Amino acid sequence: MTLKKRLKQLLIEELNLEDITPNEIKDDMPLFGEGLGLDSLDAVELVVILEKHFGIQVKSLEEGRIAFQSINALTAYVEKRRTK
Amino acid sequence: MQVTIHGIGIVGAFGSGIDAFSEALARKERCTKSVVVQSSSGQKEMPFYRTDTTRLNEFIPRTNLRRVDHYARMGLLAASLALKDSGEVKIRRSRLGIVVATGYGASATTSAFLDSFINEGDTFPSPTHFSNSVHNAAAAHISIFLKASGPCLTVSQFELSLASALLTAMTWLEERRVDFVLLGSVDECCDILSYCWWRFFGEWSKFQVEPFRFGRQSAIPGEGSAFFLLSSPKRNEGAYCNIVDVQTGNMKSEKPSLSEKGLLIVSADGHKQCGKSYREFLGKSTRTVSFTPVYGSFPTNNAFDMAAAALILKRGGTFLPPYAAPQPVISRSKEPLPYEDIDLVQCLKIGMERDFGFITLCRT
Amino acid sequence: MKKNLPIAVTGMGCICAAGAHVDESATSLFEGKRNLRPPSRFKSTRKETYPVFEVPDDFLPAKLRKREDIHLTSKLAVAAAYEAIENAGLSIGQLAKKRVGVCVGTTVGSSMNNEDFYREFRNGGNPDMVPITRYLRSNPASAIAREFLLKGPCQTVVNACSSGTDAIGIGLSWIRSGICDIVVAGGTDELCRVTFNGFISLMITDDSPCKPFDKYRKGLNLGEGAGILVLESERSYQERKGRIRSYILGYGASTDAYHLTAPHPNGEGLRRALKEVMTSCNVQATEISFVNAHGTGTSDNDRVESNVLNELLPGVLFLSTKGYTGHTLGAAGAIEAVFTIACLEMGRIPANAGFSVHDPDLPVSPVKKTTSFQGTIALSQSLAFGGSNGVLLFKRG
């Protein structure tokens with residue numbers, strides 16, 4: 001499974017995004033606000049997901065704000081920072 | 001202080017809504033659902049009054065409920081049903097307060113939060129589970145989804161939670177802090193609670209709840225939520241009844257002010273320890289019923305008693321009590337109790353320490 | 001129901017990291033002492049250290065400390081209640097003759113989250129049931145009622161961070177409606193690994209001493225403790241010639257109805273609660289000497305609060321005392337009520353510990369040093385997870 005697909009799968013499972021398939025999450029779709037519609041609580045949940053599955057420590061929500069903009073941004077971020 | 005009940009929403013093992021509840025009260029309900037309990041001799045299936053909240057999707061789209069747990073869903077469903085049941089009552093949402101009573105709070109989510117770090121270390125606790133594990137999560141979700149921006153409160157007082165919460169709701173209305181209050185109860189059963197049940201009371205696989213067999217342990221755990229839309233006394237065709245008094249105390253130093261004329265509903269739910277207190281009290285009463293076999297045992301099940309009381313006062317003699325105090329435990333009339341002539345119903349719940357909550361309701 | 005009647009506070013008690021009782025805490029605040037350190041009662045597997053404001057063991061009287069029937073949250077509540085009741089000059093005999101209610105806020109105190117028990121259960125063991133029986137005896141309001149043989153209404157409020165403020169507000173209503181002669185009201189909470197991990201997971205904790213309203217604030221520090229007020233009806237304190245420390249003029253409460261954890265960005269709920277209490281008490285902004293703000297040190301809370309304060313109470317001095325106590329969750333509103341009354345009596349407020357650099361994104365900043373004030377009225381406010389906002393208005397006795 002590609003990293004992109006795995007990330008989409010993780011988002012759906014861990015954030016309980018029912019009624020949406022990985023294919024419906026477009027790679028350049030904004031994840032927060034408009035687009036997928038995630039919010040601040042999802043952002044901190046995503047920080048835990050990244051640490052648990054990829055060994056990445058997100059130091060602050062500011063750092064997260066840039067990295068979590070879209071699946072493309074998130075994939076690039078994980079590829080660069082993963083330790084697992 | 002008096003308040004009027006305009007609408008009732010309720011969800012339990014019998015289903016959801018006041019009509020389903022009314023039908024369940026008329027049948028001789030048996031507990032048909034179960035929970036898997038972890039015991040020292042392996043996993044065992046025991047009876048349990050489980051609720052289903054699928055109907056919540058009628059009110060809120062499934063996608064919007066993604067982070068709402070079972071505890072909060074029960075509350076949301078019951079609160080939504082209460083508003084629907086109140087029909088045409090006009091409510092300004094900024095003047096709608098919410099008071100939630102709970103015995104044990106969001107125990108399943110508390111457990112889930114503990115699971116997220118107890119074995120894997122402190123680095124992966126789930127913030128969503130944590131946010132939902134605080135007792136006031138149900139009230140918070142209700143205020144968000146119903147857009148109720150009046151004051152919001154959660155009360156946790158074990159068996160006295162409902163009576164205590166009702167006192168606050170009545171006080172808010174009397175001081176005109178709000179125009180309406182959604183007063184409700186939420187309690188859930190989960191792994192840890194059913195495990196503690198087994199440790200304290202042993203296996204209950206063969207039990208049927210027998211409220212008036214005071215010398216025996218026959219309780220079965222349950223869960224559910226009941227909500228009441230309350231206002232200051234108001235004449236309204238659709239209203240159920242008035243709550244005219246709430247009394248709390250301890251039987252060691254005071255007794256509930258029992259009326260000789262009314263019907264008494266007791267939350268005797270098969271617990272031997274509390275049963276003793278009900279027996280002592282019942283010696284003075286002649287018309288006594290219990291409906292706990294319909295919904296099981298949990299700290300706030302007297303909210304369901306209150307819903308039954310409201311139904312009896314509004315709908316009169318539409319159903320018979322299958323669970324009246326039997327002969328020869330106490331002496332009373334052998335006739336099935338007609339409900340047409342009942343103008344007053346009192347609901348009594350006694351806790352483990354002999355503390356009690358006593359609610360009096362009257363026809364409007 | 002005497003809706004707007006000011007109700008007397010005839011006694012108060014407080015136990016927190018700043019002090020074992022009210023006077024010690026007040027001294028600590030004005031000396032700028034910040035007693036925080038890594039948690040000592042539990043270990044974390046995290047690499048980073050998040051300091052906390054722990055109550056030293058010896059702050060609790062020995063007899064209470066050694067008890068095993070109730071958990072620490074209830075011990076803290078009982079300790080503060082002893083101080084408050086003694087401060088009010090009331091004996092158990094006198095309390096027995098009156099209708100005395102208890103209303104206490106908490107978060108941890110009502111949660112069945114004993115880690116050791118749970119871990120053993122989850123790992124298939126057979127844990128001792130003592131933690132559960134202790135939990136069942138440890139409802140904070142019930143613990144106080146049992147301790148002092150009180151027979152009036154009893155209520156534990158679990159409203160997250162506004163619990164203490166809300167509990168006092170409810171006590172106020174009980175006196176006004178004539179249900180009680182006296183109410184022992186306040187809040188209590190203990191530090192534990194569950195809330196410690198919970199707040200860290202939300203990324204709103206600071207790994208250094210917190211900086212409420214500061215440009216470089218990073219989040220909150222957790223704390224623990226209890227604050228208790230004795231509220232008393234006029235008839236009751238006149239009968240026994242009790243001393244009045246303060247009056248509570250009013251209580252405002254409103255909900256954001258916005259989000260489970262984030263405050264409404266425009267502070268809608270806080271605005272309504274503030275307007276409600278000021279209108280119902282007929283008090284203008286110019287009459288308010290200071291505000292004890294919620295001021296946790298998180299980015300969101302401090303921004304929202306300062307915007308609302310600037311709009312509704314322009315020019316009014318304000319501070320957060322959480323730099324001295326940490327965020328004590330269910331106890332916060334009650335401990336801060338105690339501090340508000342103490343400051344009204346002294347005519348001065350301490351510096352907002354942790355604040356040094358003005359944040360240009362915030363319209364106002366708190367006091368940077370001990371500041372004297374004229375006037376006799378002050379306000380204490382709390383904002384909670386789940387969106388509850390509670391505000392209390394006090395007048396010097």
Side-chain angles (χ1 to χ4, degrees), chain B residues 1 38 40 67 94 98 104-105 107 110-111 113-115 117-119 121-123 125-127 130-137 139-141 143-144 147-158 160 164 167-168 171-172 174-177 192 195-196 199-200 248-250 253-254 352 355, chain C residues 1 3 44-46 107 110-113 115 118-119 121-124 126 129 132 136 139 141-142 151 153-160 166 170 173-174 176-177 179 193-203 253-261 268-269 272-273 384-388 390:
Chain B
M1 276 194 298
Q38 180 187 314
S40 58
R67 60 163 67 111
S94 60
I98 295 169
Y104 304 128
S107 351
T110 301
S111 299
F113 182 63
L114 283 165
D115 285 335
F117 67 85
I118 208 148
N119 287 321
D122 295 346
T123 29
S126 160
F130 178 65
S131 310
N132 275 314
S133 69
V134 284
H135 285 31
N136 68 320
H141 283 300
S143 75
I144 292 166
K147 301 190 186 357
S149 55
C152 191
L153 195 84
T154 299
V155 172
S156 184
Q157 206 63 38
F158 298 130
L160 254 56
S164 196
L167 181 63
T168 291
T171 315
W172 280 1
E174 198 194 36
E175 63 184 355
R176 290 196 285 279
R177 187 175 290 280
I192 187 74
Y195 172 76
C196 290
R199 288 291 302 271
F200 282 130
T248 57
N250 194 295
S253 53
E254 65 187 287
M352 287 180 300
D355 43 350
Chain C
M1 162 70 75
K3 201 174 140 185
S44 172
T45 56
R46 290 183 170 273
T107 306
S110 283
S111 212
M112 201 168 88
N113 61 9
E115 245 191 88
Y118 188 78
R119 185 181 291 106
F121 153 74
R122 262 293 174 243
N123 294 335
N126 208 37
M129 293 304 283
I132 304 300
L136 293 170
N139 180 281
S142 298
K151 298 194 205 77
C154 194
Q155 182 163 131
T156 294
V157 166
V158 195
N159 237 26
D166 294 329
I170 289 165
S173 298
W174 289 353
R176 283 173 169 171
S177 68
I179 295 169
R193 213 156 75 106
V194 172
T195 43
F196 185 76
N197 280 332
F199 280 92
I200 293 170
S201 75
L202 286 162
M203 297 185 77
S254 186
T255 306
D256 287 349
Y258 174 72
H259 190 269
L260 192 57
T261 51
E268 285 304 318
R272 275 194 302 272
F385 266 14
S388 284

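Keep in mind it's a predicted model, so treat the numbers as computed, not measured.
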### Query
Does the side chain of Phe200(B) reach to within under 4.5 Å of the side chain of Ile132(C), using non-hydrogen atoms?
yes
Under 4.5 Å to a heavy atom of chain C? For Val155(B) that would be both
May I ask you to decide if the ring planes of Phe130(B) and Phe199(C) are parallel, tilted or perpendicular, using 30° and 60° as cut-offs? perpendicular
Residues Glu115(C) and Arg193(C) bridged, charged N to O under 4.0 Å: yes
When the 4.5 angstrom heavy-atom criterion is applied to Ser131(B) and chain C, the contacting part is both
Okay, Ser253(B) and chain C: the region with an atom under 4.5 Å from a heavy atom over there is side chain
Requested in this report: Check the surroundings of atom CZ in Arg176(B): do more than 12 heavy atoms from other residues, nucleotides or ligands lie under 6.0 Å from it?
Outcome: no
- Query: Is any side-chain heavy atom of Ser111(C) less than 4.5 Å from a side-chain heavy atom of Val194(C)?
  - Reply: no
Okay, Ser388(C) and chain B: the region with an atom under 4.5 Å from a heavy atom over there is side chain
**Message:** I'd like to know if the side chain of Glu174(B) pairs up with that of Ser177(C) as donor and acceptor (distance under 3.5 Å, no hydrogens or angles considered).
**Reply:** no
**Request:** Kindly indicate whether the side chain of Trp172(B), heavy atoms from C-beta on, has any atom under 4.5 Å from the side chain of Leu153(B).
**Result:** yes
Bottom line for Asp115(B): the part with an atom under 4.5 Å from chain C's heavy atoms is both
Highest number of heavy-atom pairs under 4.5 Å with chain B among Ile200(C), Ile170(C), Leu136(C), Thr195(C) belongs to Leu136(C)
Under 4.5 Å to a heavy atom of chain B? For Phe196(C) that would be neither
Turns out that what part of Ser126(B) lies under 4.5 Å from chain C's heavy atoms comes down to backbone
The interface call for Thr107(C) against chain B, heavy-atom contacts under 4.5 Å, is side chain
Honestly, the part of Tyr104(B) sitting under 4.5 Å from a heavy atom of chain C is both
